[in-house]
Amino acid sequence: MILSWNTTNKCNLKCKHCYRESGERLNGELSTKEGKELIDDICKAGFKIMIFSGGEPLMRNDIFQLINYAKNKGLRPVLGSNGTLITKEVAIKLKEAGVMAIGISLDSLNAKLHNKFRGCDNAFKDAILGMKNCRDVGLDFQIHTTIMNWNKEEIMYITDFSVAMGAIAHHIFFLVPTGRGKNIEKELLDKIEYRRLLTDIMKKQKEVSIQIKPTCAPQFIKVAESIGINSRFKKGCIAGTNYCIISPKGDVQPCAYLNEIAGNIRDIPFDYIWKNSTIFKELRTLKYEGNCGKCDFKIKCGGCRARAAFYNNGNYMAGDNSCFYYCK
């Protein structure tokens, strides 16, 4: 099971698709003490992988301390970062703290396009340098790319770039229009483009040794099976079943893009929320509606619960409108 903690809302970039609308630090973000108590409860709930994200987690002064605490508790700590603050010194400190891998964002091999999307003229240059610094100190990293209609033709090239850079994986995110992402909904792929690209991505997995993982595109499970690819991933959407996210102020949500609050850890211990929240219990029934409810692949795929909610007035059990399959 995987948990992501948005450790802070503070960020040095202003990305167009940010679901947290990050920028300034929020009043009331979890303290170091609260963060450690959260980590204790995450362990009690049986989670194994903990993602420290943001905002930009490296803008939190105690991030190395928190990572080390999670490592010593037996969790596998990983970092989700824009990469721009990973100097050689920071890379060394992250490795010493116990980080097992870092996800670094790269949305285009064209520096101007990446910088425009990330809201900073130096974002591309500094992210590449961050990757190199990780590689030089022996710290595993993977590249994260968000797909839009303007970079869809680059995705296979970015996978090749990931291999050349020494990344261990290329994770490809299909945008859910939440937060600032609502403003760029028109840049999403249509269903035909979505299916074609997912098929190309899964075929590409046969050509490269690193892991390729489509994210927020649960139909990739069926695509992989249909073209004879044995993906190690066996479940599409895991929101609320094997994954959840915690906001900078302690709100627990099924995923980053599903803005339903299951509880706040300042009121109720996280392990209790995870086991007893009404939202999580409903998601775990798999009693979907619409096309997802009729689909014979619903257990493996699950549809994107966040898109279901976004396009169906908050109903996260509705059908996934982005699905390109006809249901039986």
Side-chain angles (χ1 to χ4, degrees), residues 4 6-27 29 53-57 59 80-84 103-124 126-127 143-155 158 171-194 197-198 214-218 237 239 245 247-249 251 253-261 303-316 318 320-324:
S4 180
N6 294 146
T7 57
T8 181
N9 199 65
K10 191 174 182 180
C11 190
N12 60 322
L13 303 186
K14 193 171 183 179
C15 304
K16 289 186 176 182
H17 65 310
C18 182
Y19 61 87
R20 285 283 174 220
E21 302 187 60
S22 296
E24 298 299 319
R25 185 183 184 278
L26 300 175
N27 290 328
E29 291 186 356
S53 62
E56 172 50 55
M59 299 197 78
S81 172
N82 60 47
T84 62
I104 298 177
S105 301
L106 185 71
D107 304 297
S108 177
L109 298 177
N110 180 317
K112 289 184 179 179
L113 291 178
H114 177 82
N115 291 344
K116 182 179 179 181
F117 192 56
R118 294 283 163 177
C120 175
D121 290 340
N122 295 320
F124 181 88
D126 291 341
I143 290 179
H144 292 172
T145 303
T146 297
I147 292 178
M148 311 297 295
N149 59 14
W150 50 265
N151 68 352
K152 63 187 179 185
E153 302 301 333
E154 282 195 75
I155 303 305
I158 298 176
H171 284 206
I172 302 166
F173 291 74
F174 287 71
L175 180 69
V176 180
T178 57
R180 282 199 289 265
K182 291 179 182 178
N183 301 323
I184 54 173
E185 185 182 356
K186 65 181 182 299
E187 297 178 30
L188 297 178
L189 303 185
D190 62 32
K191 290 183 181 181
I192 294 174
E193 294 170 324
Y194 182 18
L197 188 53
L198 262 189
T215 299
C216 298
C237 182
I245 190 165
S247 80
K249 298 172 75 170
D251 288 330
Q253 299 172 214
C255 85
Y257 312 103
L258 181 50
N259 296 318
E260 293 287 338
I261 298 174
C304 177
R305 295 301 94 213
R307 283 197 191 88
F310 183 81
Y311 291 107
N312 293 280
N313 298 313
N315 181 6
Y316 50 80
D320 178 357
N321 296 46
S322 68
C323 185
F324 43 77

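For the numbers below, each heavy atom of this structure counts, side chains included, while hydrogens, waters and symmetry mates do not. Everything numeric here is computed off the predicted structure, so don't read it as measured data.
Asn6 and Ser247 are not linked by any side-chain donor-acceptor pair at a separation below 3.5 angstrom, with hydrogens and angles left out of the test. In this model, a donor atom of one side chain and an acceptor atom of the other lie less than 3.5 Å apart for Asn82 and Thr84. A donor and an acceptor atom, one from each side chain of Glu56 and Ser81, are located under 3.5 Å apart.
In this structure Ile184 satisfies the side-chain contact (heavy atoms from CB on, under 4.5 Å) test together with Lys16, His17, Phe117, Met148, Leu175, Glu187, sequence neighbours excluded.
Nearest approach of Ser108 to Glu154, heavy atoms of both residues: OG-OE2, 2.6 Å. In terms of heavy atoms, Ala318 sits closest to Ala308 at O-CB, 3.4 Å. Nearest heavy atoms, Cys216 versus Tyr194: O-OH, 4.0 Å. Nearest heavy-atom pair across Val176 and Cys304 is CG2-SG, 4.2 Å. Between Cys255 and Ala239, the shortest heavy-atom distance links the atoms CB-CB, 3.8 Å. The minimum heavy-atom distance between Asn149 and Lys186, with the atom names listed, is ND2-O, 3.5 Å.
Annotation: side chain of Trp150 is not in contact with side chain of Lys116 (no heavy-atom distance under 4.5 Å). Contact check for Arg180 versus Lys14: side-chain heavy atoms found under the 4.5 Å cut-off. With contacts defined as side-chain heavy-atom distances shorter than 4.5 Å, the pair Ile155/Leu197 qualifies. Side-chain contact between Pro254 and Tyr316 is absent, with no heavy atoms from C-beta onward closer than 4.5 Å. Using a 4.5 Å cut-off on side-chain heavy atoms (C-beta onward), Arg20 and Pro248 make contact. Considering only heavy atoms from C-beta on, Pro218 stays 4.5 Å or farther from Arg305 through its side chain. A 4.5 Å side-chain heavy-atom check between Tyr311 and Pro177 finds at least one atom pair inside the cut-off. Contact check for Gln253 versus Asn259: side-chain heavy atoms found under the 4.5 Å cut-off.
In this structure, Tyr19 OH and Thr178 OG1 are separated by 8.5 Å, a value rounded to the nearest 0.5 Å. In this structure, the separation between CG on Asn183 and SG on Cys18 is 11.5 Å, given to the nearest 0.5 Å. Interatomic distance, OG1 of Thr7 versus CE of Met59, reported as 11.0 Å (0.5 Å rounding). Atoms CD1 and CD1, from Ile104 and Ile143 in turn, are 7.5 Å apart once rounded to the nearest 0.5 Å. To the nearest 0.5 angstrom, Leu26 atom CG is 7.0 Å from Thr8 atom OG1. To the nearest 0.5 Å, atom CG of residue Asn115 and atom CZ of residue Phe124 are 8.0 Å apart.
No side-chain donor-acceptor contact under 3.5 Å links Thr145 to the backbone of Asp107. Although no hydrogens or angles enter the test, the distance criterion places a donor-acceptor pair under 3.5 Å between the side chain of Ser22 and the main chain of Gly55. Of the possible donor and acceptor atoms, none in the side chain of Glu185 sits under 3.5 Å from a partner among the backbone N and O of Lys182. Using modelled atom types, one side-chain atom of Lys191 and one backbone atom of Asn321 make a donor-acceptor pair closer than 3.5 Å.
Atom CG of Asn315 has more than 12 neighbouring heavy atoms from other residues, nucleotides or ligands inside a 6.0 Å radius. Within a 6.0 Å radius of CD in Glu24, other residues, nucleotides and ligands contribute 12 heavy atoms or fewer.
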